[in-house]
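Keep in mind the model is a prediction, meaning the values are calculated, not measured.
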Amino acid sequence: MMKKKIISTVIAAAAAFTLLAGCSSSDSGAAASAASTEAAAETETAASTAGEAASEADTSETADAEAVDVSNADGLLKQVLDKGTLVAGMEGDWAPWSYHDTDSNEVIGFDADTARAIGEKLGVKVEIVEAPWESLFAGLDDGRYDIVVNGVEVTDERSEKYDFSEPYAYIHTALVVRKDNDEIKSFDDLKGKKTVNSIGSTYMELAESYGASAAGVSTLNDTIQNVIDGRADATLNADVSIYDYLNQQPDANIKIVATTEEASHVAIPIRKGDDTASFEKAVNEAIEELKADGTLAELSEKYFGSDVTKE
């Protein structure tokens, strides 16, 4: 808008100078000089105003992007800000949490988009690194990832080793069996049965707590296929993931027979230590703002068809 005003001012000044060509030489010279001086002044003022407006726009964009106060950054937070990139580890094949778009092959999903939204609040880009579930925490430990955003449920055991962000989702665990299985109707019926779950997951731990023999595999599809093929009696997973699977494959030979009453808290594990204190604070502020402005609820509705961001 400012550029158009500047051009219009310059054209007007040029037109005035042309019209003055019909005056006497002395009059035209004085008039032309005055017109030229005035036009130059207007142009300079307009350019200055345009520059100020552009500067204000840049500042506004930066303020929007960096909504979290990072003025006292140190340790991990300073490293992330200095390199301008937040590295987030996730599976990439656990719909609707993180999976590949069929057209672009980009990793999308609730976790992927949540990680990107946190990056925007911090004013940095987000690099998503895919890895199997069983290696995500090892990658966090050795610094390959700054955070792991992968539907991680908060447990007492994990809390001993990691700090956790504010929860950004709440889920229930679903017990899944083959459609013709009438023996397992509740979690108590798992005693003496064989389940298959992601290695080292809370689902494997829960199955074992009910007396099941739990085998480990890498992906949700693997666990379900094991149940369908009869190699396992049951599997446990997030209810929203099972619902999504059934939406995609409504004829799948599985059914949900029970879900946990109490919701699990889903949060972001962060390495413990003074080096990560300001980083954890910034991530928490980002999550709180994403809840307040409705971003997390919108992403939840998009990928789950319901709001899992409220307990």
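Rounded to the nearest 0.5 angstrom, Ile242 CD1 and Thr235 OG1 are separated by 6.5 Å.
Between the side chain of Ser98 and the backbone N or O of Asp111 there is no donor-acceptor pair closer than 3.5 Å. The closest donor-acceptor contact from the side chain of Lys121 to the backbone of Ala282 lies at 3.5 Å or more, if one exists at all. Side chain of Thr155 to backbone of Arg158: a donor-acceptor contact under 3.5 angstrom is found. Judged by distance alone, with hydrogens and angles left aside, the side-chain atoms of Asp146 form no donor-acceptor pair with the main-chain N or O of Leu86 at under 3.5 Å. Side-chain N or O atoms of Ser209 include one that pairs as donor or acceptor with a backbone N or O of Leu206 at under 3.5 Å.
A salt bridge links Asp163 with Lys272; the closest basic N to acidic carboxylate O contact falls under 4.0 Å. Remark: Glu298 does not engage Lys302 in a salt bridge, criterion side-chain N to carboxylate O under 4.0 Å. A salt bridge links Lys255 with Asp182; the closest basic N to acidic carboxylate O contact falls under 4.0 Å. Look at Asp82 and Lys78 and you find a salt bridge, because one of the NZ, NE, NH1 or NH2 atoms lies within 4.0 Å of a carboxylate O, short of that distance.
The aromatic rings of Phe137 and Tyr162 sit tilted relative to each other, their planes meeting at an angle between 30° and 60°.
Applying the ring-ring contact (aromatic ring centres under 6.0 Å, His included) test to Phe164 and every residue at least two apart in sequence or in another chain returns nothing. Residues forming a ring-ring contact (aromatic ring centres under 6.0 Å, His included) with Tyr245 (at least two apart in sequence, or on another chain): none. Not counting sequence neighbours, Tyr145 has no partner by the side-chain hydrogen bond (donor to acceptor under 3.5 Å, both in side chains) test.
When all heavy atoms of Tyr210 and Asp188 are compared, the pair lying nearest together is CE2-OD1, 3.4 Å.
Tested against Trp94 for a side-chain hydrogen bond (donor to acceptor under 3.5 Å, both in side chains), the candidates Ser198, Ser241, Ser218 yield a single pass: Ser241.
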